[in-house]
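Just the heavy atoms: all of them, side chains too, but no hydrogens, waters or symmetry mates, feed the values below. A quick note: this is a predicted structure, and the numbers were derived from the prediction, not measured. We name chains A, B, ... by the order of the sequence lines, and we start the count at 1 in each one.
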Amino acid sequence: MPQKKTDDRRLGIKGWALGGRWGFERYMYTVHRITGIGLVVYFLLHILVTSTRAFGGQHVWESLMGTLSSGVFKIGEFLVFAGFAIHGLNGIRLILIELGFATGKAIEPEYPYQTSVDKQRPIAIVAAAAAAVIILFGGYNIFLAH
Amino acid sequence: MADTRKIPFTILRFNPETDTKHRFDTFIVDVLPGMTVLEGLHQIKARHDATLAWRYSCRMGVCGSCGMLINGRATLACNTQILDVSPIAIAIAPLPNFPIIKDLVPDLDSMFQKHREIKPWIIRENSIEQNTAKGEFYQSPEQLVEYLQFSYCIKCGCCMAACPTMATDAQYLGPQPLAQAYRYEADSRDQGFNARKPVLDRDSGLFSCHYGSECSVVCPKGVDPAKAIQLMKRRMLLDLFHLYRKKNAELCPDQGKPSAQDGS
Amino acid sequence: MRQSTGWTLHLITGLALLILLGTHMIIMHLDDVIGVGNINPDKKPVDWENVTARGKQITMMFFYIIFLGCALYHACFGSRTILLETDFGANNKQLITAIVVILGFGLFIFGTAAAIKFVDISQAGMMVMGG
Ligand code: SF4
Ligand code: SF4
Ligand code: FES
C-alpha cells in the first residue's frame with residue numbers, strides 16, 4: 001500500500017511572505033496584510049485608550065497621554081501613521097483593480113504577453129510614491145516638529 | 001563541443017512508496033545554447049538516473065503537462081531555455097500547492113475538480129435549442145476577443161502554484177478555475193451566470209483573490225487569470241445591485257452564410 | 001452569505017475610512033505640517049483643551065460614531081478574511097465569524113457609549129473653565 005502522499009506542499013504563510021524572484025504586486029499583497037493586521041491591533045487598543053477620556057476624566061487622560069508621548073510610543077505612532085498611508089493608498093489601487101477599471105480589457109495575446117499587471121503598474125508606482133511622501137511628512141510632524 | 005556548458009541541475013526527488021521526506025539530487029548537464037529544461041531532464045534520465053519521473057507530452061507548450069518550479073518560478077519546462085534561466089545552476093521542484101505523485105509530477109486533481117465545479121461549458125437557458133440547433137449563434141470578432149485570451153488556458157497549474165491565497169487556503173477556487181468561469185461568462189453565447197454564481201460567490205471563492213497578480217506573471221500562455229478574475233468581480237458586483245445585464249447571442253437560422261444581424 | 005456582500009461593504013467602508021481616517025490623521029498627526037481643525041492652535045491636538053473642544057460638539061460625536069462603525073466593520077471583515085485563508089480558519093469558520101461579530105459589536109457599543117458620555121463631560125468641563 002503506498003503510504004499517504006506527503007503534505008500537499010502548500011506553501012502556507014511562507015507563500016505570502018516569500019515573494020522570491022517574483023513581482024512587486026505580490027509584495028504589495030503581503031504588505032497590505034501586515035499593515036492591515038498592525039492597524040487592527042492598534043485600533044483595538046486605541047478604542048480602549050481614547051475611551052478613558054469619557055470614563056476616566058481629565059487626570060487619567062493627561063497621565064496616559066504623558067506616558068504615550070515618550071520615545072517608544074512615538075515610534076509606534078509613526079508606524080501606525082505609515083501603515084495607514086500604505087494601506088490606504090494601496091487600498092485605492094486595489095479598489096480600482098477589483099472593480100475592473102485598472103486591468104484593461106481582454107486582448108488577443110501576442111508573445112511577449114502583455115498582462116493586466118503591466119497595465120496597473122503605473123498606479124502601483126504612484127501609490128507607493130505617494131505613500132512615501134506622506135510618510136515623510138508624518139515622520140517630520142511626529143519626530144521633528146515642536 | 002565548443003559551446004557546451006556544464007550546469008548542475010538540483011532536482012527534488014520523492015517517491016511516495018518508499019520515502020517519507022523528499023531529498024535533492026544534483027546532476028551535471030551538458031547544456032547547448034537553445035536547450036530547454038525539458039531536454040536537460042531527458043539527458044539526466046538517459047545518462048544518470050533512469051528513475052527520474054516528470055510529466056510531459058507535446059514538448060511545445062500545448063498540452064500543459066510539464067509545469068514545474070524552475071529556479072523559484074512556476075513555468076513550463078518545455079517552454080523554458082536553460083540559459084535564459086541561469087548560466088550557473090538550475091533548481092527544479094514540482095509545482096507547490098499540489099501533492100506530489102512522484103519526483104516532479106504534481107497531482108493536479110484538486111484543480112481539475114474545482115475547474116469542473118465552475119461548469120466550464122456553454123450553458124443556455126434553452127437546452128433543446130442548444131442541443132438541436134437549427135442554425136448558428138453568430139458571434140462578431142469583437143465578441144470573440146472578449147473571451148479568446150482566456151480560452152488559451154492549457155491547465156498546466158502554474159498559476160495555482162504561484163498564487164499566495166492558494167498557498168494558505170486549500171479550498172480557494174484558484175486562478176485557473178476562476179479565469180475559466182469568466183471565459184464562459186464573457187462568451188456572448190453563454191447564459192450560465194446564475195448557474196455559476198453560487199460556486200463563485202462563496203467563502204474561498206471569487207473574492208478571495210486579492211490581486212497578488214502572480215498568476216498572470218507566471219502564466220505561460222498569456223491567459224492573464226488575474227484580469228479575468230477582476231472582470232468577473234465587476235460583473236458579480238453589478239449583479240449584487242441588480243445592475244448586471246448581458247446581451248446574449250441569438251440563434252440565427254442557417255442560411256448558408258452568416259446573418260447580417262450582429263447577434264448581440 | 002454571498003461573499004460579494006461582505007466584500008462590497010468592506011470596499012465601501014474602506015473608501016469611507018480613507019476620508020474619515022484621513023481627516024483624523026490630518027488633524028491629529030499633521031497639525032504642524034497642515035494644521036487644520038485644531039481648535040486651540042497653541043496646544044497639541046491631544047491636549048485636554050482640544051479634546052474637550054472637539055468632544056462637546058454633537059457633529060463630532062456623530063463623526064466618531066460613524067467612524068467607529070466603519071473602522072470596526074473594515075477591521076473585522078479584513079481580519080476574518082485573513083484568518084479564513086489559513087488552515088485553522090478554514091476549519092473553524094463559524095468560531096471565527098462568531099468571535100469577530102461579538103468583538104465588533106461589543107467594541108461598537110463601548111465606543112459609542114464613550115462618545116455620547118463625553119459630550120456631557122466636555123460641556124461641563126468647558127463651563128468650569130469658562131466660569
Ligand atoms: S491560466 Fe495559465 S498558468 Fe493557469 S493553468 Fe491556465 S495556462 Fe496554466
Ligand atoms: S491575482 Fe488572485 S488568483 Fe492570481 S495569484 Fe493573485 S490572489 Fe491568486
Ligand atoms: S510538454 Fe506539453 S506543455 Fe510542456
Problem - Side chain, backbone, both or neither of L72(C) within contact of chain A (heavy atoms, under 4.5 Å) - result: both

Completion exercise
Honestly, the part of F84(A) sitting under 4.5 Å from a heavy atom of chain C is side chain

Exercise for the section: Nearest 0.5 Å please: distance from the CG atom of L107(C) over to the CZ atom of F43(A). Expected result: 7.5 Å

Handout entry: Interatomic distance, L39(A) atom CG to L21(C) atom CG [nearest 0.5 angstrom]
Key = 7.5 Å

Exercise for the section: Name the member of A113(C), C76(C), G78(C), A71(C) that forms the most heavy-atom pairs with chain A at distances under 4.5 Å. Expected result: A71(C)

Exercise for the section: Side chain from CB out, backbone as N, CA, C, O: work out which of these in H32(A) comes under 4.5 Å of a heavy atom of chain C, or both, or neither. Expected result: neither

Practice task
Check each atom of I37(A) against the heavy atoms of chain C and say whether the ones under 4.5 Å are side chain, backbone, both or neither.
Solution key: side chain

Exercise for the section: Quick one: closest heavy-atom pair of S51(A) and G111(C), and the distance? Expected result: OG-CA, 4.5 Å

Handout entry: Atom of A75(C), atom of V40(A) and distance for their closest heavy-atom approach
Key = CB-CG2, 3.7 Å

Problem - Which portion of E62(A) sits near chain C, non-hydrogen atoms under 4.5 angstrom - result: side chain

Problem - Within residues 94-123 of chain A, residues adjacent to chain C where the heavy-atom gap is under 4.5 Å - result: I95(A), E98(A), L99(A)

Problem - Residue part contacting chain A, namely of Y64(C), when any heavy atom lies under 4.5 Å - result: side chain

Practice task
For residues F118(C) and F55(A), establish whether the separation of their ring centroids is below 6.0 Å.
Solution key: no

